[in-house]
Amino acid sequence: MQYRKLVKGGDDLSALGYGCMRLPTRGGRIDEKKAEEQMLYAFNEGVNYYDTAYPYHGGRSEVMLGKFVNNNNLRDQVYIADKLPAFLVNKPEQIESFFQTQLERLNMDYIDYYLMHMLDSLKAWEKLKRFGILEFIEEKKKTGKIRYVGFSFHGRPEEFIKILEDYDWDFCQIQFNYLDEYNQAGLAGLKRAHELGKGIVIMEPLRGGNLAAKAPDKVKARFAEYKEQRSPAFWALRWVWNHEEVSVVLSGMNVLDHVKENIEAAKMTTPNSMSEEEIKTVDDVKEIYSSLMKVPCTGCNYCMPCPFGVDIPGIFADYNNKYFFGGQMARFQYIGREVGLFGMTKSSADLCTQCGKCEKHCPQSIQIRKELQAAHKDLDSRIMRFGLSAFGRIQGWGNKGDEESK
């Protein structure tokens, strides 16, 4: 296994991190036998970084990870990452309550790497500060309950930079893959975090598996032309690890063969090790995806911010994803914008007032207003919207979008 440091002078962490958001299931619950088998195999092959969060598997992910670590007496040999559900915090006292619940679920005395989960704006971070998060972090670090603090991010690149520069973070976690090179925090955020000396963990290197087995046939055919036979997943992971700024790449593995393949990719890829031919192969694949796009949006964000809250690049990404990968995930993600899933602010295309301000700044001259209408018509589902809204209320996530539109 290859090891990299996330924090200067800190732990030697496996380049491959074990993401515990998509553990194997049976009958709607975690298949604990399979999960432990896969996690233990990864550990024996050198994986020492395990990432979970409060809402994963309805809270059972933390419990499963704790069982795995404690049953095998591995606490002093692995590093645990967990996350404060910032989107659920509505009162100061909830911060401590969530943290204590997480320690209980994990059955551990401390957490190595603790993140503010799913920050999407400086406003979200400012709310946590008003609730006393800085004092909480200082006290937990002082008592050894938390070793390092970071945040995971989903939002616009300018908001990422604001959060990054507002506090002396130890590390951050961003989505990054060869299709999201300029989406969310993107390459600019990756470079800025590295300049500031912040460790970088990568999530969604396979876009939830879409860049792996779900890759379009044309993409698979282009990869097959390379002299060595490698899976789409191998290519996607290798591309991310090729960046010297990256420390740990998380993969949500739930099949033993995938665990083995990802470990092999991690062993092979050091920073800047991809050949010109390999880079050309991935560039060609990017072009194939580009040809499948419904909207030629590069995620440059020149159209943003929308004065009415529409996440234009995010919506176009959802729209394109439907035609890249098929299935219902793109629709699920879009409707999440409509109902304010996980407490996020409503940002769907139906907020558009047709003002046209965005189109004046688009380098691709996209007819944004027209394409937003098409995306909404294609992705919206009244039944799914109702179901997600009801589920969110049951889970207590709230619905900021509806509240703010009243």
Side-chain angles (χ1 to χ4, degrees), residues 1-21 47-54 56 65 78-86 95 99 102 106 108 110-122 124-125 128-129 133-134 136-142 144-155 157 159-177 180 184-205 240-241 243-252 266 271:
M1 177 57 64
Q2 177 191 168
Y3 294 89
R4 304 183 184 183
K5 290 190 184 297
L6 183 60
V7 179
K8 187 176 181 180
D11 310 311
D12 289 321
L13 303 178
S14 53
L16 176 64
Y18 205 111
C20 298
M21 185 173 72
V47 174
N48 64 8
Y49 187 91
Y50 292 79
D51 171 275
T52 187
Y54 185 87
Y56 292 174
L65 179 56
V78 297
Y79 302 100
I80 304 300
D82 207 342
K83 309 177 189 77
L84 172 73
I95 296 174
F99 183 71
Q102 291 175 295
L106 291 165
M108 296 177 187
Y110 67 96
I111 295 171
D112 299 286
Y113 296 86
Y114 198 62
L115 302 92
M116 310 297 108
H117 195 185
M118 284 182 59
L119 294 185
D120 63 344
S121 65
L122 182 62
W125 169 235
L128 287 181
K129 289 200 294 184
I133 192 65
L134 297 181
F136 168 84
I137 292 171
E138 181 180 2
E139 189 267 331
K140 296 306 178 189
K141 276 193 162 187
K142 185 176 180 180
K145 296 293 184 180
I146 295 173
R147 296 181 59 223
Y148 301 107
V149 171
F151 68 100
S152 68
F153 180 80
H154 291 279
E159 292 294 319
F160 173 76
I161 300 297
K162 289 177 182 177
I163 297 171
L164 187 70
E165 296 180 348
D166 190 68
Y167 179 70
D168 187 19
W169 304 99
D170 295 308
F171 69 107
C172 59
Q173 182 169 308
I174 63 173
Q175 178 169 322
F176 192 62
N177 54 67
D180 289 320
Q184 297 195 26
L187 188 62
L190 184 82
K191 297 291 186 183
R192 184 56 179 153
H194 188 64
E195 288 173 2
L196 294 174
K198 309 303 179 186
I200 302 166
V201 176
I202 301 300
M203 57 183 165
E204 302 295 351
V240 176
W241 274 312
H243 292 77
E244 64 181 355
E245 300 89 352
V246 172
S247 297
V248 176
V249 177
L250 296 175
S251 183

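Computed over heavy atoms, backbone and side chain alike; hydrogens, waters and symmetry mates excluded. These numbers come from a predicted model, not from an experiment.
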_Ring centres under 6.0 angstrom apart (Phe151, Trp169)_ = yes

*Any chance the side chains of Asp112 and Tyr49 put a donor and an acceptor closer than 3.5 Å?*
no

_From Asp168 atom CG to Leu134 atom CG, the distance as rounded to the nearest 0.5 Å_ = 11.5 Å

*Quick one: do Gln175 and His154 satisfy side chain to side chain contact (heavy atoms under 4.5 Å, CB included)? Show the steps, please.*
CA-CA 8 Å; Gln175 178 169 322; His154 291 279; 3.9 Å; yes

_Check ion pair Asp11-Lys5 (N to O, under 4.0 angstrom)_ = no

*side chain to side chain contact (heavy atoms under 4.5 Å, CB included) assessment of Glu204 paired with Gln184*: CA-CA 12 Å; Glu204 302 295 351; Gln184 297 195 26; over 6 Å; no

*Taking the side chain as every heavy atom from C-beta outward, state whether Val249 and Phe176 have any atom pair closer than 4.5 Å.*
no

*Supply the atom-to-atom distance Leu84 CG to Ile133 CD1, rounded to the nearest 0.5 angstrom.*
5.5 Å

*For salt bridge (charged side-chain N to carboxylate O under 4.0 Å, His left out), just list the numbers for Lys8 and Asp170, CA-CA rounded to whole Å, side-chain angles, deciding distance to a tenth of an Å, and then say yes or no.*
CA-CA 9 Å; Lys8 187 176 181 180; Asp170 295 308; over 6 Å; no

*pair Phe160-Leu119: side-chain heavy atoms closer than 4.5 Å*: no

*Is Leu164 close to Leu196 at the side-chain level, that is, under 4.5 Å between some pair of heavy atoms?*
yes

*Once you round to the nearest 0.5 Å, how far does OG of Ser251 lie from CE of Met21?*
10.5 Å

_Given Phe171, which partner from the list Tyr79, Tyr113, Phe153, Tyr148 fulfils the ring-ring contact (aromatic ring centres under 6.0 Å, His included) test?_
Tyr113

_Looking at every non-hydrogen atom in both residues, tell me the closest pair between Ser121 and Glu159 and how far apart they are._
CA-OE1, 3.3 Å

*Contact summary for Ile174 and Gly186, nearest pair of heavy atoms*: CD1-O, 4.3 Å

_Nearest non-hydrogen partners of Pro85 and His117, listed with the distance_ = CA-CB, 4.2 Å

*How close do Leu65 and Cys20 get, heavy atom to heavy atom, and via which atoms?*
CD1-SG, 4.4 Å

*Going by the angle between their ring planes, with limits at 30° and 60°, are Tyr114 and Phe136 parallel, tilted or perpendicular?*
tilted

*asked:* Please find the pair of heavy atoms, one from Leu106 and one from Thr52, that lie closest to each other, and give the distance.
replied: CD2-CG2, 4.4 Å

*asked:* Take a 6.0 Å sphere around CD of Glu138 and say whether it holds more than 12 heavy atoms from other residues, nucleotides or ligands.
replied: no

*When rounded to the nearest 0.5 angstrom, what is the spacing between CE in Met116 and CD in Gln173?*
12.0 Å

*With distance as the sole test, does Arg4 use its side chain to make a donor-acceptor pair with the main-chain N or O of Leu13 at under 3.5 Å?*
no

*Are Val201 and Asp51 side-chain neighbours, meaning at least one heavy-atom pair lies under 4.5 Å?*
no

*Report yes if some heavy atom in the side chain of Ile146 is under 4.5 Å from a heavy atom in the side chain of Phe99; otherwise report no.*
yes

*Side-chain H-bond candidate by donor/acceptor type, Ser14 with Asn48, under 3.5 Å*: yes

*Of the non-hydrogen atoms in Asp82 and Ala53, which two are nearest, and what is the gap between them?*
OD1-CA, 3.2 Å

*How far apart are the C-alpha atoms of Ile80 and Tyr110, what are their side-chain angles, what is the distance that settles it, and do they pass the side chain to side chain contact (heavy atoms under 4.5 Å, CB included) test?*
CA-CA 9 Å; Ile80 304 300; Tyr110 67 96; over 6 Å; no

*The single option from Lys198, His194, Lys191, Arg192 passing side-chain hydrogen bond (donor to acceptor under 3.5 Å, both in side chains) against Glu245*: Lys191

*Using the side chain to side chain contact (heavy atoms under 4.5 Å, CB included) rule, take Tyr54 and Lys83 through it: C-alpha gap first, then chi angles, then the decisive distance, then the call.*
CA-CA 6 Å; Tyr54 185 87; Lys83 309 177 189 77; over 6 Å; no

*Starting at CE of Met1, measure out to CG of Asp12 and round the result to the nearest 0.5 Å.*
13.0 Å

